[in-house]
Amino acid sequence: MRTPDSGGSAGVGDPADRLARDLADVALGSGPPATVEDAQALQERLAPLVRQEPLDLAGVSLVAGLDVAYSPGDDRLAAAAVVLAAPDWTVVETATAVSRPRFPYVPGLFAFREAPALLEAVAGLRAVPDVWVCDGFGLAHPRRFGLACHIGLALDRPVLGVGKTPFIGRAEPPAAPRGSWSDLEDGGEVVGRCLRTRDGVKPVYVSVGHRVDLDSATELVLRLAPRYRLPEPVREADRHCRARLAAV
DNA sequence: GCGACAG
DNA sequence: ATCTTGTCGC
């Protein structure tokens with residue numbers, strides 16, 4: 001039985017566990033931070049909890065994709081969580097949630113806008129994916145704690161981020177062939193990878209969210225994008241959240 | 001100080 | 001994110 005002084009791995013009284021609960025509270029609606037400063041401080045406290053570790057790709061049979069779409073007319077937004085099965089990435093389950101943004105769009109604080117709705121959609125899923133793919137960044141973030149990290153810690157599952165346009169850092173253009181990549185560097189450290197998923201087509205940016213490493217993330221994204229620039233989970237999630245919004 | 005800035 | 005036509009290329 002676990003007691004407060006039993007020591008060892010994370011218990012409910014642990015600092016790490018407290019932070020994880022703070023994050024879940026924020027993400028699930030006990031209210032966003034009151035100020036930009038509070039939000040940034042929360043990210044700084046949580047960033048050290050991100051873990052990078054190899055992911056056994058041979059054991060990956062279910063992959064989830066997450067994305068959000070905004071309504072042109074009103075202030076609604078729709079989040080989608082989709083699950084695809086290996087090896088051909090057929091969609092096997094989808095869940096969506098419609099809500100309103102509770103935090104303004106501030107570069108770097110993106111997650112406080114989208115994570116609540118995304119986690120609401122995730123809660124409607126029955127499957128247990130082996131790894132999750134977010135539309136956005138993870139460690140490639142000013143405080144090394146982007147959306148993919150928020151989701152990763154909230155779920156305590158392997159998560160990686162795929163961005164379409166550069167946010168922070170610098171990367172040399174990868175060679176033209178699909179599979180070529182270059183380091184995305186910021187402040188003297190490698191925070192992600194600039195990866196070419198199609199011959200001669202604009203690259204994507206891959207970064208670690210939680211419980212994966214860059215090599216695993218890169219290889220997985222490549223496998224998830226056999227035909228289009230963006231990985232299938234992200235494309236499907238994008239398709240579903242838009243459809244949900246259109247479906248009044 | 002100024003510009004840049006995921007979705 | 002969203003507002004937006006046609007067009008070049010595989």
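So you know, we letter chains A, B, ... as the sequences are listed, proteins then strands, and number each from 1.
Annotation: side chain to side chain donor-acceptor pair (under 3.5 Å) contacts of A/Arg239 (sequence neighbours excluded): A/Glu236. For A/Arg229, there are no side chain to side chain donor-acceptor pair (under 3.5 Å) partners, not counting sequence neighbours.
Counting any heavy atom pair closer than 4.0 Å across all strands shown, A/Gly108 reaches a base atom. No contact: A/Ile168 has no heavy atom under 4.0 Å from any strand. Residue contacts shown for A/Pro142 are absent, as no nucleic acid heavy atom lies under 4.0 Å away. Looking at heavy-atom distances under 4.0 Å, A/Leu109 makes contact with a base.
Clustering of Ile, Leu, Val, Met, Phe, Trp and Tyr by side-chain heavy atoms under 4.5 Å joins A/Val128 with none of the others. If you chain together ILVMFWY residues whose side-chain heavy atoms come under 4.5 Å of each other, A/Val98 ends up in a group of its own.
Under 4.0 Å is where a charged nitrogen must lie from a carboxylate oxygen, and between A/Arg144 and A/Asp186 at least one such pair does. Salt bridge A/Arg178/A/Asp199: absent, no basic N to carboxylate O contact under 4.0 Å. Salt-bridge check for A/Arg211 with A/Asp156: passed, with a basic side-chain N closer than 4.0 Å to an acidic carboxylate O. Ionic pairing of A/Asp215 and A/Arg193 is present here: one or more N-O contacts between side-chain nitrogen and carboxylate oxygen are shorter than 4.0 angstrom.
When DNA chain C is scanned in the 5' to 3' direction for atoms under 4.0 Å from non-hydrogen atoms of chain A, the outermost contacting nucleotides are C/dA1 to C/dC3. Of all nucleotides in DNA chain B, those with any atom nearer than 4.0 Å to a heavy atom of chain A start and finish, going 5' to 3', at B/dC5 to B/dG7.
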Only pairs under 3.5 Å count here: list side-chain donor-acceptor contacts from residues 158-171 of chain A, not counting sequence neighbours, and write none if there are none.
{"unit_1": "A/Lys164", "atom_1": "NZ", "unit_2": "A/Asp135", "atom_2": "OD1", "d": "2.9"}
{"unit_1": "A/Lys164", "atom_1": "NZ", "unit_2": "A/Asp135", "atom_2": "OD2", "d": "3.0"}
{"unit_1": "A/Arg170", "atom_1": "NH2", "unit_2": "A/Glu172", "atom_2": "OE2", "d": "3.1"}

Quick one: side chains of residues 107-115 of chain A, donor-acceptor pairs under 3.5 Å with protein atoms, not counting sequence neighbours, listed by atom name and distance.
{"unit_1": "A/Arg113", "atom_1": "NE", "unit_2": "A/Tyr70", "atom_2": "OH", "d": "3.4"}
{"unit_1": "A/Arg113", "atom_1": "NH1", "unit_2": "A/Phe103", "atom_2": "O", "d": "2.8"}
{"unit_1": "A/Glu114", "atom_1": "OE2", "unit_2": "A/Tyr70", "atom_2": "OH", "d": "2.8"}

Checklist entry - Pairing of DNA chain C as dot-bracket, 5' to 3': ( ) intra-strand, [ ] crossing, | other strand, . unpaired, with Watson-Crick or G-U pairs under 3.5 Å? => result ..........

Checklist entry - How does DNA chain B read in dot-bracket, base by base from 5' to 3', with Watson-Crick or G-U pairs under 3.5 Å and | used when the partner is on another strand? => result .......

Item to check | Worked check of side chain to side chain contact (heavy atoms under 4.5 Å, CB included) between A/Thr218 and A/Val221 | outcome: CA-CA 5 Å; A/Thr218 304; A/Val221 169; over 6 Å; no

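Screening residues 76-89 of chain A for salt bridge (charged side-chain N to carboxylate O under 4.0 Å, His left out), with sequence neighbours left out, gives A/Asp74-A/Arg76. For residues 201-248 of chain A, the set of pairs meeting the ring pair (Phe, Tyr, Trp, His ring centres under 6.0 Å) definition, not counting sequence neighbours, is empty.
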